[in-house]
Structures are given as C-alpha cells and as structure tokens.
Amino acid sequence: MTGKAILLVVIGFSLTLLVLGHKFGSLSNRAVDNYVSYQKETVAHNIAISGANIAANEIYMNPGWDDGYSIPFQGGHLDVTVTMVDPVLGYREITSQGTFDNTSSEIKLRIAPSNFSEYAYYSTWERSSPSSTGTIWWTGKDTVWGPFHTQDNLNVALHPSFLGARTSHKGAINYKTNKSTDSPVITGIYEAGRNLEIPPQSVENLEAAADDNGLKFKNQDTVYLVFDRDSLRYKYTYKSKYTALYLPSAAPNGLIYAKDCVVRLQGVVKGRYTLGCSSSTSSTGKGTIWLDDNIVYDTNPLTDPNSTDLF
C-alpha cells in the first residue's frame, strides 16, 4: 500500500471516530437531559400527590373546608383548589397542581364525606335502654347485607348472617345458648373496639332540616308510615285509613322527622330519604322507631349498581 493510500485510510478512520464520538456525546447529553426532565416531573408529581392527600385530610377533619392552598412546598410550589360538584351528596373535586423548576403536574380527585348512611345497620345500643339487659337478638332468620356497626355488644342466636364489614365499639358477642349453637356468620372484616359516635347535634340538625324543606310529624302517640315508592302513606291510629303524600313535593330535601311520636315503619323506598325520630321524654316510649315489616329499595342495588335509592 502506498503512502497516499495509508493516509486516506487514516483520514477515514479519523472521520469515523469523530462521527461516532459526536454521536456518543449527543446520546450522553440526551440521557442526562432525560434524567433531569424525569426528575423534575417526578418531584412535581409528588408535590401534587402530597397536596391532594393534605386537602383530603383537611376535608376529613372539617367537611366544610374549601380554602385550598397556594404555598411553597418541597422546593417547588403547591396549588390546591376545592370545588363542590354535588351539594346534595357532598361530592367535592380536589385539583392539586405541583410545580418544580418550571415543570408542572396536576391531579384531580373526587371525594365524598363519610356518613352513617354507608351502614346497612347502625345502632347506639342493642338494648331497649342503656340500663336494660340485651333485648335485640339477631337470629338465624336475620341477614344484614352490607356494613354493620353497633356502639354496644352484639346479641346473637342460631347463626345470623352479617354479609359485609362488621364493627363494634364494645366488641363482645353474647350468645343466647352457646357459641356452637349461636355464633354468627360474618363475611368481610370484623373489627372490635371501633368508636363511631353519632355527633351530639345530629338529631337536632335533622329536625331543623325537616322544618326548613322537609316533612315533620309531631305530638302524636303513634305514626304509621308506609313507603310506597315515591309516595308516603301515613295514619295516626291502627284502624284509620292512610293518607298519601307525594314525597318529592312533601319532602324536597329528603328529610322526614317525627317528634314526640312512636313510629311504625315499613315499605318500598324510591329515592333518597332520611327518617329521624326524637322525644322530649324517655318515659313514654316516644322517640322510638319500630320496623313492622321490611324496608326495601324500589331498585335493588345488589342487582342494579346504578340504583340511586337510599334510606
């Protein structure tokens, strides 16, 4: 090979190495840029997640909170807004935006406050009064479909069924005969020692809501109530005839309240309604609700998840 040929080969190799070096350098630079960009996006996203969690906790502690945030956070900036989506159901939308070094990430979270209507059954005590012995006995003919909670102990006989999460405050299970004969069938989680007290003003708040835009019965010995889908039939004596009311007009806000009455209840519910009952004295038995028959939904949520019926 002549000197000119060798020189051409050397020049060719040099050019090749220069091109490859440039490519490798470009790839290295892009890798660094991608890493830096990914790190910025990750930090911004974590700030947004933190903001959503903080806001959700604020709403849990104070259901009326909607102030939001606009604050420095973790070397970046956090902006949180809270919007009421459904005032009736209490649905709120949290929008949390995290920004870090001019890179932003946004999270939207829709939540609703927890309330006692989530329970298929809730009781303060499983007795006729706090000082009496157990009088509510769950038997083999009884099934609770959904979450169950009592602030008291549970009295069972002949294997009742609780098909959902079950919690209680005192935690003990009292058997009518013995455990092998009476123990309940429980699916889901059983948690003892959980304290879920009804807020002290809850009954008074229900009465005020019924006075405002609901339906109220008062000063009757007994009120017989029968839900007939979107109507409510009522009477004050066993032998009298029922009077019917169209509930969307009679109780637009869904509150039905009985004061200083004994309520005898049954029927088929269509829509969303709450029944409250109280008495100014505990010696007459007033302020008590008796289930004379089943309360069922017009559209069964077990078979139709789009059901909006709730009682």
Less than 4.0 Å between a side-chain N and a carboxylate O, is that true for Asp260 and Lys218? no
Has Asp292 got a side-chain atom pairing as donor or acceptor with Arg264's backbone, closer than 3.5 angstrom? no
Would Ile107 end up clustered with Phe100 when hydrophobic side chains under 4.5 Å apart are linked, directly or stepwise? no
If you apply the rule side chain to side chain contact (heavy atoms under 4.5 Å, CB included), what do you find for His77 with Ser70, and how did you get there? CA-CA 7 Å; His77 199 272; Ser70 182; 3.3 Å; yes
Could you walk me through whether Tyr122 and Gln151 pass the side chain to side chain contact (heavy atoms under 4.5 Å, CB included) test, one step at a time? CA-CA 8 Å; Tyr122 175 95; Gln151 288 291 93; 3.6 Å; yes
Take atom CG of Asn195 as the centre, draw a 6.0 Å sphere, and report whether it contains more than 12 heavy atoms from other residues, nucleotides or ligands. yes
Measure the OG1-NZ distance between Thr83 and Lys108 for me, rounded to the nearest 0.5 Å. 8.5 Å
From CG (Leu215) to OH (Tyr273), nearest 0.5 Å: 10.0 Å
Interatomic distance, OG@Ser96 vs CG@Asp79, rounded to 0.5 Å, equals 8.5 Å
State, yes or no, whether a side-chain contact exists between Leu154 and Tyr175 at a heavy-atom distance under 4.5 Å. no
To check you understand the geometry: which heavy-atom pair defines the closest contact between Ala44 and Thr103, and what is its length? CB-O, 3.4 Å
Any side-chain donor near an acceptor of the partner, Asp304 and Ser307, under 3.5 Å: no
Donor-acceptor pairs under 3.5 Å, side chain of residues 241-253 to any protein atom, not counting sequence neighbours: which ones?
residue: Asn253; atom: OD1; partner: Leu255; partner atom: N; Å: 3.0
residue: Asn253; atom: ND2; partner: Ala209; partner atom: O; Å: 2.8

Is the shortest heavy-atom distance from the side chain of Asn153 to the side chain of Ile173 under 4.5 Å? no
For the student: nearest non-hydrogen atoms of Pro184 and Val156, plus distance: CD-CG2, 4.0 Å
Lys/Arg N to Asp/Glu carboxylate O, Asp211 vs Lys216, below 4.0 Å: yes
Looking only at atom types and distance, does a side-chain atom of His159 sit under 3.5 Å from a main-chain N or O of Ser183, one as donor and one as acceptor? yes
Can we say Asp152 and Lys170 salt-bridge, meaning some charged N sits less than 4.0 Å from an Asp/Glu carboxylate O? yes
Hphob cluster co-occupancy, Ile49 + Ile47, side-chain heavy atoms under 4.5 angstrom: no
Would a hydrophobic clustering, with Ile, Leu, Val, Met, Phe, Trp and Tyr connected at side-chain separations under 4.5 Å, put Val268 with Leu225? no
With a 4.5 Å cut-off on side-chain heavy atoms, are Leu78 and Gln97 touching? no
Quick one: do Asp182 and Lys176 make a salt bridge, cutoff under 4.0 Å? no
May I ask you to test the Leu275-Val263 pair for a side-chain heavy-atom distance under 4.5 Å? yes
Run the numbers on Thr143 and Phe162 for side chain to side chain contact (heavy atoms under 4.5 Å, CB included), then give the verdict. CA-CA 6 Å; Thr143 300; Phe162 300 95; over 6 Å; no
To the nearest 0.5 Å, atom OH of Tyr119 lies from atom OG1 of Thr150 at 11.5 Å
What's the shortest heavy-atom distance between Trp137 and Asp142, and which atoms? O-OD2, 3.9 Å
Check: Asn294/Gln266 side-chain N/O donor and acceptor closer than 3.5 Å: no
Using modelled atom types and a 3.5 Å cut-off, is there a donor and acceptor pairing between side-chain atoms of Asp298 and backbone atoms of Arg229? no
Could you tell me whether the side chain of Arg110 reaches within less than 4.5 Å of the side chain of Val85, counting heavy atoms only? yes
Could you pull out the closest heavy-atom pair between Ser105 and Ala48, with the gap in Å? O-CB, 3.5 Å
Once rounded to the nearest 0.5 Å, what's the spacing between atom OG1 of Thr81 and atom CD1 of Ile94? 9.0 Å
Ignoring hydrogens and angles, state whether a donor on the side chain of Ser278 or Tyr257 is under 3.5 Å from an acceptor on the partner side chain. yes
Is the side chain of Asn53 donor-acceptor paired with the backbone N or O of Ser50 at a distance under 3.5 Å, no angle test? no
Heavy-atom distance under 4.5 Å between the side chains of Ile111 and Ile59, does that happen here? yes
Quick one, Tyr224 with Tyr234, criterion ring pair (Phe, Tyr, Trp, His ring centres under 6.0 Å). Give me CA distance, side-chain angles, the key distance, then yes/no. CA-CA 5 Å; Tyr224 296 84; Tyr234 72 93; over 10 Å; no
Keeping Asp309 on the side-chain end and Thr299 on the backbone end, is there a donor-acceptor pair under 3.5 Å? yes
Has Trp145 got more than 12 heavy atoms of other residues, nucleotides or ligands less than 6.0 Å from its CH2? no
Checking ring pair (Phe, Tyr, Trp, His ring centres under 6.0 Å) for the pair Phe148/Trp138: CA distance, chi angles, key distance, verdict? CA-CA 12 Å; Phe148 173 105; Trp138 296 86; 5.5 Å; yes
With hydrophobic residues grouped by side-chain heavy-atom distances under 4.5 Å, do Ile295 and Ile256 end up in a single group? yes
Between SG on residue Cys277 and CD1 on residue Ile289, distance to nearest 0.5 Å: 4.5 Å
Working for side chain to side chain contact (heavy atoms under 4.5 Å, CB included), residues Thr181 and Leu158: CA-CA 6 Å; Thr181 302; Leu158 302 175; 4.0 Å; yes
If you define the side chain from C-beta out and look only at heavy atoms, does anything of Val80 sit under 4.5 Å from Ile54? no
I want to check a possible cation-pi pair here: Lys235 against Tyr238, using under 6.0 Å from ring centre and within 45° of the ring axis as the test. yes
Are Tyr121 and Val185 in one and the same hydrophobic cluster, where Ile, Leu, Val, Met, Phe, Trp and Tyr link if side-chain heavy atoms are under 4.5 Å apart? no
Does any non-hydrogen side-chain atom of Leu163 lie less than 4.5 Å from one of Val144? no
